[in-house]
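Step one of this worksheet: look at the structure below.
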Number of protein chains: 2
Amino acid sequence: MHVDNLKKELKEKQYRMTPQREQVLKVFLETNSEHLGAEEVYRYLLNKRTNVSKATVYRTIDLLVELGFLRKLQFDEGVYRYELVDKDSKHSHFICNSCGKIYELKDELSAEKVLHEYILKLEKLGYKIDEVDLKFRGICPKCAKKARGIVR
Amino acid sequence: MHVDNLKKELKEKQYRMTPQREQVLKVFLETNSEHLGAEEVYRYLLNKRTNVSKATVYRTIDLLVELGFLRKLQFDEGVYRYELVDKDSKHSHFICNSCGKIYELKDELSAEKVLHEYILKLEKLGYKIDEVDLKFRGICPKCAKKARGIVR
DNA sequence: GTATCTGCAAATTATTTGCCGTATT
DNA sequence: AATACGGCAAATAATTTGCAGATAC
């Protein structure tokens with residue numbers, strides 16, 4: 001489980017483990033890391049009658065990013081979203097312009113292999129690459145199917 | 001020149017051509033489309049003693065995006081940035097974590113070919129792709145060279 | 001016990017909007 | 001002349017910050 005990792009990581013950096021920090025991390029674990037924004041995390045905790053102030057949610061999320069538990073994302077809205085950093089699976093995102101769903105393209109749909117040779121090319125030219133961010137937008141298979149249904 | 005295209009495009013959609021709209025578009029043409037944010041466009045015009053209010057800058061930029069003259073970008077700051085849509089050259093971005101410069105990876109550095117087969121794969125699975133957004137972060141060749149210099 | 005953390009409310013930043021006078025067609 | 005547009009100032013939305021009391025270690 002992840003919460004113990006947090007406990008350990010905090011201790012190492014002389015931060016303190018608090019109920020609030022545990023709760024915020026748990027939100028991401030419980031929701032299966034559904035690209036939540038800070039406001040959504042706050043609401044989720046309110047619903048569970050768990051008292052964490054909004055300021056603390058923001059501060060804790062920042063901390064979790066700093067410690068490498070969360071990755072900060074942007075999808076062209078006015079909000080930052082976050083996902084659990086899953087060390088062994090890099091992925092890209094597909095955002096459906098119709099239903100808004102964010103798909104994670106990984107495993108057999110991973111773009112990693114495809115990009116690998118390209119990244120080598122950049123590195124040969126002196127670019128040192130720390131992060132790759134690949135996003136697609138369009139219509140997802142589900143919505144595309146529905147749309148076809150309507151046409152007929 | 002692009003300003004005439006704007007004039008034409010506006011007429012077609014029964015929008016009006018105004019000095020402010022011309023000025024805002026010109027900023028992007030004159031600065032070689034350096035990924036400016038709205039605030040920067042506003043400042044640029046102030047310096048040139050061209051009077052355009054901030055609200056108009058925002059509204060005009062939105063319009064230019066809607067008309068397809070500008071593309072809206074996000075680089076994990078709290079600001080939207082914009083670039084001229086250059087029809088015949090899709091490109092990705094490399095953001096240097098050291099100097100902050102944003103590089104456009106195009107022409108011989110274009111990732112288009114590499115991604116092409118991958119996109120076909122997605123489309124075979126029913127995804128309809130309208131937009132691809134690929135970004136890298138790391139250290140650019142210039143900064144990498146400098147850093148090496150310091151080490152010695 | 002002490003330094004870190006939290007909650008609250010106020011501040012900040014980027015962007016949007018309402019309203020009314022102005023300019024384009 | 002009619003309608004779209006621009007400027008201003010106020011409104012909004014997301015996030016950040018200062019401070020005083022609470023809590024982890």
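Naming: A, B, ... by sequence-line order, numbering from 1 per chain.
Residues A/Phe136 and B/Tyr127 keep their aromatic ring centres 6.0 Å or farther apart. Checked against the 6.0 Å centroid criterion, the rings of A/Phe28 and A/His2 do not qualify as a close aromatic pair.
Annotation: the span from B/Leu45 atom CG to B/Asn51 atom CG amounts to 9.5 Å, rounded to 0.5 Å. Rounded to the nearest 0.5 Å, atoms CG (A/Leu10) and OH (A/Tyr15) are 8.5 Å apart. How far OH of B/Tyr42 is from CG of B/Leu36: 15.5 Å, rounded to the nearest 0.5 Å.
Between A/Lys13 and A/Glu9 there is a salt bridge, since at least one side-chain N of the basic residue sits less than 4.0 Å from a carboxylate O of the acidic one. With respect to A/Asp76 and A/Lys135, no salt bridge is recorded, no charged nitrogen being found less than 4.0 Å from a carboxylate O.
No more than 12 heavy-atom neighbours from other residues, nucleotides or ligands sit within 6.0 angstrom of CD on A/Gln14. At most 12 non-hydrogen atoms from other residues, nucleotides or ligands lie less than 6.0 angstrom from CZ of B/Arg43.
What separates CD of B/Gln23 from C1' of D/dG6 is a distance of 14 Å, to the nearest Å. The CD-C1' distance, from B/Gln74 to D/dA14, rounds to 13 Å in whole Å. D/dG6 atom C1' lies 13 Å from atom OH of B/Tyr42, rounded to whole Å.
Within a heavy-atom distance below 4.0 Å of DNA chain C, the residues of residues 76-84 of chain B found are B/Gly78, B/Val79, B/Tyr80. Shown for residues 49-65 of chain B: residues whose heavy atoms fall under 4.0 angstrom of DNA chain D, namely B/Asn51, B/Val52, B/Ser53, B/Ala55, B/Thr56, B/Arg59.
Using a 4.5 Å heavy-atom cutoff, the side chains of A/Val27 and A/Thr50 are not in contact. A 4.5 Å side-chain heavy-atom check between B/Glu83 and B/His91 finds at least one atom pair inside the cut-off. Using a 4.5 Å heavy-atom threshold, the side chains of B/Leu63 and B/Val24 count as separate.
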side-chain contact (heavy atoms from CB on, under 4.5 Å), that's the test. Do B/Gln23 and B/Lys48 meet it? Break it down for me.
CA-CA 10 Å; B/Gln23 288 309 319; B/Lys48 283 179 44 181; 3.8 Å; yes
Polar atoms only, N or O, under 3.5 Å: list the protein pairs with nucleotides 23-25 of chain D and their distances.
unit_1 : atom_1 : unit_2  : atom_2 : d
D/dA24 : O3'    : A/Met17 : O      : 3.2
D/dA24 : N3     : A/Arg16 : NH1    : 3.0
D/dC25 : OP1    : A/Met17 : N      : 3.1

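Shown here are the ring pair (Phe, Tyr, Trp, His ring centres under 6.0 Å) partners of A/Tyr80, two or more places apart in sequence or in another chain: there are none.
On the nucleic acid side, DNA chain C contacts chain A at distances under 4.0 Å to non-hydrogen atoms, with the end points of that region at C/dA3 to C/dC8.
Axis angle across the helix from C/dG1-D/dC25 to C/dT25-D/dA1, with five pairs used at each end and values rounded to 10°: 30°.
Checking each of B/Gln74, B/His93, B/Glu34, B/Glu40 against B/Arg81 for a side chain to side chain donor-acceptor pair (under 3.5 Å) leaves exactly one that passes, namely B/Glu40.
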